[in-house]
Amino acid sequence: MVGILIVSHGSFAAGLLSAVELIAGKQEKVTTIGLHHEDGVEEFETKVNQELEDLDDGDGVLVFVDILGGTPSNVIFRSLAKREFKAIAGMNMAMVVQAVMMRDSMEKEELYKNVLEVAQQPPVLLHEMYKDMILNEEKEDEI
């Protein structure tokens, strides 16, 4: 099973996993690490590298990071020099749900590509969708 590491500023990673588990159930081989004000960069980097090692049982690791350019993504960049894994910055809940739901049935590379497809879906403007639904209902009522 592909291991999953979710890395963020603050408690975003832990909150995201909590929300994902409401949908997908309790997850094994998924860990979160948040960078907090009191954390040193070296300590944070040590935690990341330890989790990468612990999560990889031979099937690889997929890493999700909150934003590109911040300390968490910079630490992941440095970790890529030490070991091979896939990493995506700009995570969202749909991507992580897809990863945890599909990782039992896919190899790391296929899972990574599948998650990227989810990531490329445009946002849904609910207010526009609602307007369209109301207009369609009114048109049906006229018929």
Side-chain angles (χ1 to χ4, degrees), residues 1-140:
M1 178 188 307
V2 175
I4 296 176
L5 178 60
I6 306 170
V7 184
S8 72
H9 292 85
S11 299
F12 179 58
L16 180 62
L17 179 58
S18 175
V20 167
E21 289 183 334
L22 281 173
I23 294 170
K26 182 74 175 146
Q27 295 298 306
E28 295 178 18
K29 289 188 56 169
V30 178
T31 301
T32 66
I33 302 175
L35 177 65
H36 299 275
H37 288 289
E38 64 276 4
D39 296 337
V41 175
E42 295 81 19
E43 173 189 0
F44 181 73
E45 190 164 351
T46 299
K47 285 181 192 176
V48 166
N49 288 317
Q50 184 62 56
E51 290 300 338
L52 286 168
E53 185 176 317
D54 292 347
L55 286 169
D56 192 354
D57 65 2
D59 293 327
V61 177
L62 180 56
V63 177
F64 292 96
V65 182
D66 55 0
I67 59 171
L68 180 64
T71 300
S73 70
N74 292 340
V75 166
I76 295 301
F77 267 124
R78 287 193 295 273
S79 297
L80 283 163
K82 298 174 186 171
R83 62 178 41 85
E84 191 273 329
F85 58 91
K86 296 290 187 187
I88 303 170
M91 68 181 167
N92 63 42
M93 187 170 165
M95 294 164 59
V96 178
V97 166
Q98 187 73 6
V100 300
M101 298 291 276
M102 303 305 291
R103 67 191 174 130
D104 283 338
S105 62
M106 295 181 179
E107 299 289 325
K108 180 181 64 173
E109 192 65 32
E110 183 183 8
L111 180 63
Y112 167 73
K113 289 177 182 177
N114 192 273
V115 169
L116 284 183
E117 287 177 20
V118 171
Q120 294 170 359
Q121 294 176 359
V124 176
L125 305 176
L126 292 177
H127 61 283
E128 293 295 330
M129 181 185 279
Y130 178 77
K131 282 185 203 176
D132 290 344
M133 289 171 50
I134 296 300
L135 288 175
N136 287 335
E137 285 179 13
E138 289 173 358
K139 287 180 186 176
E140 287 178 5

Worksheet item: Can you list every side chain to side chain donor-acceptor pair (under 3.5 Å) pair that touches residues 84-96, not counting sequence neighbours?
Response: E84-K108, K86-E109

Discussion item. Quick test of your reading of the model: are D54 and K29 salt-bridged, counting only N-O distances below 4.0 Å?
Written reply: no

Item to complete: State plainly whether the residues E45 and K82 are in salt-bridge range, i.e. N to O under 4.0 Å.
Response: yes

Discussion item. Applying side-chain contact (heavy atoms from CB on, under 4.5 Å) to L55 and T31, what does each step give before you reach the verdict?
Written reply: CA-CA 8 Å; L55 286 169; T31 301; 3.7 Å; yes

Pairwise side-chain contact, [X] with [Y], heavy-atom cut-off 4.5 Å (strictly under):
| X | Y | result |
| --- | --- | --- |
| L17 | V96 | no |
| E110 | S105 | no |
| R78 | V41 | yes |
| L52 | V63 | yes |
| F85 | V2 | no |
| V7 | F64 | no |
| Y112 | I88 | yes |
| V65 | M91 | no |

Worksheet, complete the sentence: Hits for salt bridge (charged side-chain N to carboxylate O under 4.0 Å, His left out) against D132, two or more places apart or cross-chain, chain-then-number order -> none

Could you tell me the separation between the [atom1] atom of [X] and the [atom2] atom of [Y], rounded to the nearest 0.5 Å?
| X | Y | atom1 | atom2 | result |
| --- | --- | --- | --- | --- |
| I33 | Q50 | CD1 | CD | 9.5 Å |
| H127 | K131 | NE2 | NZ | 6.0 Å |
| L16 | S11 | CG | OG | 12.0 Å |
| I6 | M95 | CD1 | CE | 10.5 Å |

Discussion item. Donor-acceptor check, side chain of D66 to backbone of S8, threshold 3.5 angstrom: yes or no?
Written reply: no

Discussion item. For T46, is there any backbone N or O sitting under 3.5 Å from a side-chain donor or acceptor partner on N49?
Written reply: no

Discussion item. For a side-chain contact (heavy atoms from CB on, under 4.5 Å) check, start with the C-alpha distance between D57 and D59, then their side-chain angles and the critical distance, and finish with the verdict.
Written reply: CA-CA 6 Å; D57 65 2; D59 293 327; 3.6 Å; yes

Practice prompt. Give the C-alpha distance, both sets of side-chain angles, the deciding distance and a yes or no for side-chain hydrogen bond (donor to acceptor under 3.5 Å, both in side chains) between Q27 and R103.
Written response: CA-CA 11 Å; Q27 295 298 306; R103 67 191 174 130; 3.1 Å; yes

Fill in: Minimum-distance pair of heavy atoms, taken over all atoms of T32 and A13
CG2-O, 3.4 Å

Worksheet item: Quick check: are there more than 12 heavy atoms from other residues, nucleotides or ligands sitting under 6.0 Å from CD of E107?
Response: no

Discussion item. Is it the case that over 12 heavy atoms from other parts of the model lie below 6.0 angstrom from the CD atom of E128?
Written reply: yes

Item to complete: Could you check H9 against I67 for side-chain contact (heavy atoms from CB on, under 4.5 Å), going step by step and ending with a plain yes or no?
Response: CA-CA 9 Å; H9 292 85; I67 59 171; 4.0 Å; yes

Discussion item. Quick one, K113 with M106, criterion side-chain contact (heavy atoms from CB on, under 4.5 Å). Give me CA distance, side-chain angles, the key distance, then yes/no.
Written reply: CA-CA 10 Å; K113 289 177 182 177; M106 295 181 179; over 6 Å; no

